[in-house]
Amino acid sequence: MHHWGPQLLMGGHGVIQRYRRFLPVTDETCIISLNEGNTPLIESHNLVDAIGGGFRLFVKYEGLNPTASFKDRGMTLAVTKAVEKGVSAIVCASTGNTSASAAAYAARAGLTCVVLIPEGKISYGKMAQALIHGARTIEVKGNFDDALKLVRELGLRDDIEIVNSINPFRIQGQKTGAFEVCDSLGDAPDMHFLPVGNAGNITSYWMGYNEYRDQGTSSGLPIMMGWQAEGAAPIVEGRVVERPETIATAIRIGNPASWKMAVKASEESSGHIGTVSDDEILDAHRMLARTEGLFVEPASAAGIAGIVKSKARGKIPDGSTVVVTVTGHGLKDPAIAIENSNTKSLVVESDIQSVLDAIGIQ
Ligand code: F0G
């Protein structure tokens with residue numbers, strides 16, 4: 001029997017409803033959801049063949065979340081808890097996806113949303129999302145790390161809640177990504193690859209895998225393999241990067257908030273946090289689109305580039321089950337996709353012979 005009560009209508013069938021026994025909510029909690037999560041885990045034979053075979057690869061396609069990135073998993077809980085607390089506004093610093101998600105969930109909840117983004121350094125699609133959802137959008141003359149510093153100051157006020165991943169509810173919500181992977185595969189994978197920026201997601205997945213293992217739903221833990229862009233690799237270099245640079249603007253971060261937790265995930269899992277170059281990211285971006293029909297944004301391709309690199313170095317044992325989280329949809333950044341496609345559209349006269357000539361058939 002269905003109960004179409006207000007909570008279900010607001011809560012929908014998102015990650016809080018599905019995994020509520022693992023999350024800090026009660027029956028009274030009014031859930032703010034856009035039906036996030038439940039994204040496909042897609043087995044990708046073609047890509048594995050293209051890089052030498054020997055293992056099974058599953059792509060967790062997070063671009064199919066409501067605002068087209070994995071951030072929605074944590075944002076549903078952060079905004080739900082902000083409403084429960086009674087604040088009237090939320091704030092975040094962002095390279096574009098957190099702000100897109102915060103703006104959408106704030107709209108849903110009727111909260112004011114303030115987003116601080118690095119001037120000129122977020123992709124077109126993400127800017128569109130902040131603006132269309134009505135977020136007060138502030139471009140800071142500085143990078144993400146500068147913006148996050150300002151947000152930490154704003155968060156000292158009682159009436160405004162920070163929804164960056166320094167808010168623990170973000171990490172709690174995002175751990176549902178690991179739950180879904182285990183639920184789909186029937187157990188934890190052997191290895192889990194993902195991009196690392198502010199380092200919240202690797203922290204979340206590690207938490208999720210551990211909780212499932214501890215309560216017996218899965219039998220083991222994956223080796224965690226995190227990937228930073230070469231020009232923005234503070235964790236790999238062991239020092240704050242003052243001027244991070246990469247084509248993958250989503251992970252253009254020099255001083256990640258969850259730095260220590262990311263190192264912990266890597267060490268406890270006998271994993272690795274490494275770097276990939278912008279060229280390797282772009283190759284992976286195109287390769288995934290060409291071999292599997294999966295369109296992601298450049299930062300998301302960092303995990304794919306990490307797989308290519310690890311395979312070439314013999315770090316993926318034959319017979320392994322490998323999962324990679326591709327974090328955001330390709331349409332977030334169409335300008336890069338057009339540039340990186342290495343092909344052009346052809347303009348022809350509107351007659352059949354011109355079209356045949358252009359295709360190159362008689
Ligand atoms: N991939 C995408 C598409 C991202 O937007 C981010 C982070 C990451 C990977 C890295 O995840 O920070 O948890 O290590 N984007 C944040 C933002 C910083 O503001 O949207 P992380």
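Atoms within each ligand, like the ligands themselves, are counted from 1 in listed order. Along the sequence shown, the residues carry numbers beginning at 1.
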How close does the nearest protein non-hydrogen atom get to [atom], and which residue and atom is it?
| atom | value |
| --- | --- |
| atom 10 (C) of ligand 1 | Gly197 N, 3.5 Å |
| atom 20 (O) of ligand 1 | Thr98 N, 2.8 Å |
| atom 2 (C) of ligand 1 | Thr327 OG1, 3.3 Å |

Does this structure show an ion pair linking Glu161 with Lys81, if we count only N-O contacts that are shorter than 4.0 Å?
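Lys81 and Glu161: not salt-bridged.
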[X] to ligand 1: N or O pair under 3.5 Å?
| X | value |
| --- | --- |
| Gly200 | yes |
| Lys126 | no |
| Asn198 | yes |

Ligand-side contact atoms (ligand 1) for residue partner [X], heavy atom cut-off under 4.0 Å:
| X | answer |
| --- | --- |
| Glu297 | 3 (C) |
| Val196 | 14 (O) |
| Asn97 | 2 (C), 3 (C), 4 (C), 5 (O), 20 (O) |
| Thr95 | 15 (N), 16 (C), 17 (C), 18 (C), 19 (O), 20 (O) |

As a quick check of understanding, evaluate side-chain hydrogen bond (donor to acceptor under 3.5 Å, both in side chains) for Thr325 and Glu62, giving each step before the final call.
CA-CA 7 Å; Thr325 302; Glu62 289 286 89; over 6 Å; no
Listed partners of Phe22 passing ring pair (Phe, Tyr, Trp, His ring centres under 6.0 Å), at least two apart:
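By the ring pair (Phe, Tyr, Trp, His ring centres under 6.0 Å) rule, Phe22 matches Phe179, Tyr212.
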Sub-3.5 Å donor-acceptor pair from the side chain of Asn340 to the main-chain atoms of Leu282, do we have one?
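It does hold such a pair.
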Is the Tyr209 ring parallel, tilted or perpendicular to the His192 ring (thresholds 30°, 60°)?
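Correct class here is perpendicular.
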Backbone, side chain, both or neither: what part of [X] comes under 4.0 angstrom of ligand 1, heavy atoms only?
| X | value |
| --- | --- |
| Ile253 | side chain |
| Lys71 | side chain |
| Ile251 | side chain |

So does Asp158 have more than 12 non-hydrogen atoms from other groups sitting under 6.0 Å from CG?
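No, the 6.0 Å shell around CG holds no more than 12 heavy atoms from other groups.
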Could you check whether atom CD of Glu339 has more than 12 heavy atoms from other residues, nucleotides or ligands sitting under 6.0 Å from it?
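No, not enclosed.
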With hydrophobic residues grouped by side-chain heavy-atom distances under 4.5 Å, do Val48 and Tyr61 end up in a single group?
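Val48 clusters together with Tyr61.
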Could you tabulate the donor-acceptor pairs under 3.5 Å formed by side-chain atoms of residues 259-268, not counting sequence neighbours?
residue: Lys264; atom: NZ; partner: Glu268; partner atom: OE2; Å: 3.2
residue: Glu268; atom: OE1; partner: Trp206; partner atom: NE1; Å: 2.9

Given Ser165, Ala199, Gly74, Ser94, which one has a non-hydrogen atom that is nearest to atom 21 (P) of ligand 1?
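It is Ala199 that holds the nearest heavy atom.
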